[in-house]
Every structure is written in C-alpha cells, then in structure tokens.
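See structure below.
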Amino acid sequence: MNVAATSALSPADTVLGYHARTKHSLARYAAGPEALDWDSQPNPFREFEGCARTGLELGADRLGTSFAQAGTPGSIGAAALTIESVASLLQLSMGLSAWKEYGPDRWAVRCNPSSGNLHPTEAYVFASNVPGLDDGVHHYLSRDHALELRCVRNTRSDAPARLWIGLSSVHWREAWKYGERAFRYCQLDVGHALGALRYAAGALGWNATLVEDVDSAELAAMMGLDRADAFAGAEREEADLLIAIETTPCPSPVAAHRLPFARGDDGDRWTGRANLLDPHPLYRWPVIEQASQATQGRDAGLPSEFPVYPPRKRTDDVRAADIILGRRSAQRFDSKYKMSADTFYRMLDGLLNRPGAPWDVWNFAPRVHPVVFVHRVEGLDPGVYALPRHPAAADALRAQMRGDFEWQTPDNAPAHLPFYRLLRTNCRIIARTMNCHQAIASDSCFSLSMLSEFEPVVGANPWRYRQLHWEAGLIGHVLYLEAEAEGLRGTGIGCYFDDALHDVLGLATTQFQSLYHFTVGRPLTDDRISTWPAYPHRQGPPPRESQP
Ligand SMILES: Cc1cc2nc3c(=O)[nH]c(=O)nc-3n(C[C@H](O)[C@H](O)[C@H](O)COP(=O)(O)O)c2cc1C
C-alpha cells in the first residue's frame, strides 16, 4: 500500500511533520521500541542468492597516496579504471576495516560509520567496459569484499570505461533499534557513505560527483530495487543517490554524468533474490515510509552561489588508506586533554567548501552551519562559537539567535575562517545534557551541533530533507578523518534533544534546525575489546567468478 497516498498532507507537510514528531526532548524520546532483543538484530549484510559473484582484491594497502593528496585534485596521477582499482575504491569506502570481539560478541566495523553500527546503506556498482568487470549492475557485499552481478547489460565495446555507484537504504535495519527517528539516521549514514566514496576516489586520483538529474524512481529502477520478485519476502531498499566516478582530477560538466543506459534496456538480464534480514520484526513504523516517499525526487534548482575556498596547503604525509582504514568512533575521551589551536582550526578549515574531497562531490550551496561548543582548546576561551559556511547564513543566524551573542572573531582565528565567538562560558554540562546526557559531548575538546537552513528549503523541495542530512553526514565524515589525521578521534552523535538545543541558542522558529551533532577529542581505548583483520581468509589472490 502506498502510505503517502492515504495521507491528505502535501509531501512538504509530511516531512516537516515527520521531523517535528521525531525530535527527542528532555521529557520524552521519539517513538521507538520499548525493548530490544540483541540476539535478534537484523543481519547487517544483504546478499543476493543466485547471482554470479566476483571476489575482489584487497589492494588498498598498496596505495601510497597521502591523506593530503587524496583531498587535493591533481596532486597524483589517476589510477587506471580496472577491476583492481574498483576493488580499492570499494575497500576504502564501504568495505570492512576490522572485526571486533568482546566476550561472546563479535561484530564487523567498516570504513563508513553508521548510527548504532547498523549499516542500512547498500552500494551498487554500474560498470561499463571496465577491464575485468562484467558490464551491468553489481551489488557490493562488504562482508566478503565481493560483487554480486545483479544485471548483465552489454554496452558498446568502443565506449570508454565508466563507473557509477548507487546507494540505497534498508530502513528497517536502523528502525529496528531507533524506531521513528531512524529515517534521519539512514540519511546521515548516506552522507557519510558519500564522503567515504569521495575520499576513496581521491586516494586513486579520481573524482566522484553526485548525478543530479536522476530522480528516486528512475534510480530505483536502475538498481533493480523496484523488482518485486527479487525482494519477495525480504526487506525492501529505498534508492538514495547515484555517484559518477571519473578518472580525472576534476569533475566533468554535470550532463556528462548520466548513465549511458536506463530502465528496461534491451537485453538486460536480472538475477538474484535478496536475503531476509529480520525474520521476526516486532514493530512497524509507518512514518518512515511516509517520510521516505515524501522526500523522493531530485534537485529542483535552488540558487547555488557560494564562496569556494582555494585548495589547502598541507604537508602531512600520512597515508590516506591508513587514516581511512583506521577511522573509529571514540567511545570515551580523555577529559584532561587540551587540543592545540592549530589543530582545532585545521579541522574547522576542512569544513569549508573547496575543490577536492569531499566538497566537490556536488555543486550545492552550503546550508549546514556548525555551532561549536569549545571545551578544551589552547588559546581559546571555552564557550559557544559559530562557523557559518555561507556568508548569507551568518546574517540569518545572527537575526535568529539570541540577541546577546557577541559575534566576535577570536584573535587567533585564521583570517579566512568565518568563525565567531557567541558566548564565553563553560558549556560542558549543557553539551552533555543536550546530547542525551552522553559524556562524549563534554569530555572531548569540542562538540558541535550542525544547524541547517530548514523550513524554507525543505518546504520548497522536500527532497532537500535528504540532501541536508547528506551534507551534515559529509561534515561528520570530514571531522572523523581530519581527527584521525591529527592523531585524535571523533564520534557522530545522532541522539540529542532537538528543541532544548534550539532554545539554548535562542532559535524560536524552524528556519534553522539541528540535524546532526559531533564530538572530537583524545580517545581512551577500551582494552577489553579485541580487534581482528577485516578479511582474515583473504590475504592471497581473490576468488574469481564463483558461479552460484
Ligand atoms: C549518524 C550517526 C549517529 C551516531 N550517533 C551516535 C551517538 O549518539 N552516540 C554514540 O556514542 N555514537 C554514535 N555514533 C557512532 C556509531 O555508533 C559508530 O559509527 C558505530 O558504532 C560504528 O563504529 P565506527 O564508527 O567505529 O565504525 C553515530 C554514528 C553515526 C554515523
């Protein structure tokens, strides 16, 4: 049944209503399961029975690209587009990075983070004349670092080698734990996956760009997600976005990114049946499907003028693959540690729009603006600060926020950084309270809240609800990797009390809403958890073309 069709609300009202009802507050959390049976978690790995599989090489260790080079277009030569380089792209973005063990529990962690480690995001590879890869649509199975050939689709042999990656979400994976708020987390996870792919492409000397003129329904058909037979009895996936991968340092004009094939091409041969991830779902959260349907669509041409900062001059030579494969979420922080001002400002600088990973992944104006709660940074007063990533947002935020905020640039801030002190105060207790009482928000060096331009943008095009979450996920992803590069660590925070935070900042309307929080500091590691290789049995050459 089409749930949205039963509602008299417009798509914009549906998603604005969804956002309002999924706020956590000090008085009550958004609707979610009352009890969780941890032993019956949904299977974190989707696979398709009956597809030909291609095991991929684990080649990322051989990539010498530094983290600085991965973020700077043109700083290294582009790798040839072959099955081996596609394997590295996937390994460094959606692949496993380790297995963890604690007592009887064993779980995989991946290069892309995910709320609750539930990993709702699935990746599909569209290959056209890539040496070593069948033409067509493949599903990436991260558990085995393998591709499952879902659709054979022959392209002209004289066409150049091309590659696209489609992302989709299995909402139930996230809803199993988080109930109604899960759609937000799925979209933040998509933003992280987008960032992960852009950085991985950078490590190969490539670029990655969002294909803007493909809408959700068309994308679902391209990925085979609308094929009832393939998903019979299994959880459906919702199409999120399509990324064009190019072996050039800078993206081609947008029109060149479209797939050379679309729905129902002659000669398509689809195979495979999706596995059931949760045989005993205990709850249903229909508002997730309503929000998902209400936000389908694509970009509808909002003005995209914004400052683009020049590439950063970085000299650090730590390997991108080491940063990406080593990225983890901190679970506790050293509450005595003070971060240097240089480190702090370098991390914030990474959030400004400039060519290279990840910000050239699209051409949208920045609409998500961090408000930073500084706890322990040398040379900077503890307090509340703002980093409006677009000059117009500085004025709008100033008009909306508390009238007694200072809006002063700290003396030691780099001249180009749009960074303002709003209030000198010890904000550790507030940060902890606002973030669902989580100590990671107060024991760190700083935490932040990502304020997004909201109701006017989402009201004009509900699809933007997704895109704003992707932007917040991208900000989180930059902070994760920049923190690792600085020898520190970050953690995404999806659990926070929305309106309590807005009240603290004096935001009385829904012109801005906080979509995601983050925290960064020196991590304390938990020695009780042991770490094992991501692919223990895969050190030799990959198994090739095992037929089902
Ligand atoms: C969107 C999002 C929201 C998250 N929210 C929280 C949170 O509120 N509290 C927390 O401790 N960790 C949070 N995390 C961190 C995840 O739990 C973590 O990414 C996951 O366990 C996988 O571990 P890894 O990041 O080390 O790969 C969040 C991560 C993401 C991507």
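For ligands, and for the atoms within them, numbers begin at 1 and follow the listed sequence. Computed over heavy atoms, backbone and side chain alike; hydrogens, waters and symmetry mates excluded.
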Worksheet item: When you check the gap from the basic side-chain N to the acidic O, do R528 and D526 get nearer than 4.0 Å?
Response: yes
### Query
Between F344 and F419, does the ring centre distance come in under 6.0 Å?
yes
Are any of the side-chain nitrogens in E471 or R389 under 4.0 Å away from the carboxylate oxygens of its partner? yes
Exactly one of I243, V214, I245, V211 clears side chain to side chain contact (heavy atoms under 4.5 Å, CB included) with W164, and that residue is V211
Counting from 1 in the order shown, the ligand 1 atoms closer than 4.0 Å to a non-hydrogen atom of H192 are 31 (C)
The option among A98, P113, S114 carrying the non-hydrogen atom nearest to atom 16 (C) of ligand 1 is S114
Numbered in order shown, the ligand 1 atoms found under 4.0 Å of a heavy atom of C495 are 8 (O)
When W38, Y185, Y283, W285 are each screened for ring-ring contact (aromatic ring centres under 6.0 Å, His included) with W176, the one that passes is W38
Checking heavy-atom distances from atom 14 (N) of ligand 1 to each of C436, G490, G492, the winner is G492
Under 4.0 Å from one or more heavy atoms of I440, ligand 1 contributes atoms 10 (C), 11 (O)
Notebook entry, point to check: So, R332 and D443, do they make that salt bridge, N to O below 4.0 Å?
Noted result: no
Is E148 salt-bridged to R143, cutoff N-O under 4.0 Å? no
Among Y516, F518, Y185, the residue with a heavy atom nearest to atom 2 (C) of ligand 1 is Y516
Quiz item: Any N or O of D189 that comes nearer than 3.5 Å to an N or O of ligand 1?
Solution: no
Heavy-atom proximity to atom 29 (C) of ligand 1 ranks first, among S115, A108, A441, for S115
_R327 versus ligand 1: do any nitrogen or oxygen atoms come within less than 3.5 Å of each other?_
yes
- [ ] Classify the angle between the aromatic ring planes of H192 and Y516 as parallel (below 30°), tilted (30 to 60°) or perpendicular (above 60°).
- [x] perpendicular
Taking only non-hydrogen atoms of L188 and a 4.0 Å limit, the atoms of ligand 1 in range are 1 (C)
message = Under 4.0 Å between a side-chain nitrogen and a carboxylate oxygen: does that hold for R53 and E47?
response = yes
Electrostatic pair D349-R354, nearest N-O below 4.0 angstrom
yes
Residue, atom and distance of the protein heavy atom nearest atom 17 (O) of ligand 1 read G116 N, 3.7 Å
Counting from 1 in the order shown, the ligand 1 atoms closer than 4.0 Å to a non-hydrogen atom of R328 are 24 (P), 26 (O), 27 (O)
Under a 4.0 Å N-O cut-off, is there an ion pair linking D189 with R173?
no
In this structure, atom 21 (O) of ligand 1 is nearest to the protein heavy atom N117 CB, 3.5 Å
Numbered in order shown, the ligand 1 atoms found under 4.0 Å of a heavy atom of G494 are 3 (C), 4 (C), 5 (N), 6 (C), 7 (C), 8 (O)
Closest to atom 15 (C) of ligand 1 (heavy atoms only, candidates S329, S97, A472) is S329
Ligand 1 atoms nearer than 4.0 angstrom to some heavy atom of Q438 are 7 (C), 8 (O), 9 (N), 10 (C), 11 (O)
Going by the 4.0 angstrom heavy-atom rule, the piece of I493 near ligand 1 is both
